[in-house]
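Since this is a predicted model, take the numbers as computed values, not measurements.
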Amino acid sequence: QVQLVESGGGLVQPGGSLRLSCAASGLTFSRYAMNWHRQPPGKGRELVAAITRAGDSSIYADSVKGRFTISRDNADNTVYLQMNNLKPEDTAVYFCQAVNGQAHYWGQGTQVTVSS
């Protein structure tokens with residue numbers, strides 16, 4: 001069974017930082033591109049960041065560019081999202097997604113709340 005388990009969320013003040021982790025199992029991790037999505041309260045899910053299978057290229061939503069960094073460790077089957085200079089509008093449930101040409105999988109999400 002494929003499992004993606006996010007961790008690292010929590011409550012942080014504006015300007016603070018968090019690092020999210022997503023541990024994958026039940027799949028050949030290096031054959032999947034990995035994405036981070038988020039869903040603010042009452043809103044739809046949006047792509048935040050994406051990284052290639054080898055971790056040699058990444059893209060970001062304009063709203064997080066320069067503040068967030070996606071990375072992966074294929075030896076540990078884990079993808080990360082480093083979030084710096086957090087803003088209240090970053091408040092959302094953050095989801096990890098694994099994607100290849102044949103399938104995609106979602107984690108259950110981790111809550112990030114940015115508030116003073």
Side-chain angles (χ1 to χ4, degrees):
Q1 293 179 328
V2 172
Q3 280 196 312
L4 303 175
V5 181
E6 300 95 337
S7 62
L11 175 64
V12 64
Q13 293 185 350
S17 298
L18 286 173
R19 189 177 76 154
L20 306 183
S21 299
C22 172
S25 60
L27 79 172
T28 303
F29 184 72
S30 63
R31 295 181 180 176
Y32 289 80
M34 299 297 298
N35 304 325
W36 285 99
H37 295 249
R38 68 185 182 187
Q39 187 166 15
K43 299 181 180 180
R45 195 170 295 187
E46 62 181 352
L47 178 69
V48 174
I51 191 166
T52 57
R53 293 182 298 169
D56 56 353
S57 185
S58 58
I59 59 171
Y60 300 90
D62 287 343
S63 58
V64 308
K65 196 170 299 181
R67 300 188 297 121
F68 290 12
T69 302
I70 188 171
S71 61
R72 67 190 295 162
D73 186 342
N74 285 351
D76 287 341
N77 290 355
T78 303
V79 63
Y80 303 93
L81 185 68
Q82 178 67 46
M83 305 185 294
N84 298 326
N85 191 23
L86 284 160
K87 303 176 179 180
E89 51 263 44
D90 296 319
T91 295
V93 179
Y94 284 72
F95 297 90
C96 175
Q97 183 194 41
V99 179
N100 70 9
Q102 294 80 237
H104 66 274
Y105 304 97
W106 292 93
Q108 294 300 305
T110 185
Q111 176 71 48
V112 172
T113 302
V114 184
S115 177
S116 59

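- Using a 4.5 Å heavy-atom cutoff, the side chains of Met83 and Trp36 are not in contact.
- Placement of Tyr80 and Val99 in two distinct hydrophobic clusters is found when ILVMFWY residues are connected by side-chain heavy-atom separations under 4.5 Å, directly or transitively.
- Follow the hydrophobic side-chain contacts under 4.5 Å out from Val114 and you reach Val64 in the same cluster.
- Side-chain heavy atoms closer than 4.5 Å link hydrophobic residues (I, L, V, M, F, W, Y) into clusters, and following such links, possibly through other members, connects Ile70 to Tyr32.
- Transitive grouping of hydrophobic side chains (ILVMFWY, heavy atoms separated by less than 4.5 Å) keeps Val5 and Phe29 in distinct clusters.
- Taking OG from Ser21 and CZ from Arg72, the interatomic distance works out to 13.5 Å, rounded to the nearest 0.5 Å.
- For Gln39, the CD atom sits in a packed shell: over 12 heavy atoms of surrounding residues, nucleotides or ligands are nearer than 6.0 Å.
- Residues Asp90 and Lys87 are not paired through a salt bridge, judged by the lack of any N-O separation under 4.0 Å between the basic side chain and the carboxylate.
- Residue Glu89 places its CD atom among more than 12 non-hydrogen atoms of other residues, nucleotides or ligands, all under 6.0 Å distant.
- Ile51 and Asn35 make their closest contact through N-OD1, 4.4 Å (heavy atoms, listed as atom of the first residue, atom of the second, distance).
- Between Leu86 and Phe68, some side-chain heavy-atom pair lies under the 4.5 Å cut-off.
- Here disulfide bond (SG atoms under 2.5 Å apart) pairs that include residues 68-116, with residues two or more places apart or in two chains, are Cys22-Cys96.
- Arg31 pairs by the salt bridge (Lys or Arg N to Asp or Glu O under 4.0 Å) definition with nothing, not counting sequence neighbours.
- Here the closest non-hydrogen pair linking Ala23 and Thr78 is CA-OG1, 4.2 Å.
- A pairwise comparison of heavy atoms in Ser116 and Pro14 identifies N-CD, 3.7 Å as the closest pair.
- Closest non-hydrogen pair, Ala24 versus Leu4, comes out as CB-CD2, 3.4 Å.
- Every residue meeting the side-chain contact (heavy atoms from CB on, under 4.5 Å) condition with Thr110, not counting sequence neighbours, appears here in chain and number order: Glu6, Leu20, Tyr94.
- A heavy-atom distance below 4.5 Å is found between the side chains of Thr69 and Tyr60.
- Closest heavy-atom contact between Phe95 and Gly107: CD2-O, 3.5 Å.
- Closest approach of Ala92 and Pro40 over heavy atoms only: CB-N, 3.6 Å.
- Looking at heavy atoms from C-beta onward, Thr28 lies in side-chain contact with Ser30 at the 4.5 angstrom threshold.
- Atom CZ of Arg38 and atom CG of Leu47 lie 10.0 Å apart (nearest 0.5 Å).
- Residue Met34 holds its CE atom at 11.0 Å from CG of Asn100, rounded to the nearest 0.5 Å.
- The number of heavy-atom neighbours closer than 6.0 Å to CZ of Arg45, taken from other residues, nucleotides and ligands shown, is above 12.
- Cluster membership check: Leu81 does not share its hydrophobic cluster with Val93, using side-chain heavy-atom separations under 4.5 Å among Ile, Leu, Val, Met, Phe, Trp and Tyr.
- To the nearest 0.5 angstrom, Gln111 atom CD is 9.5 Å from Leu11 atom CG.
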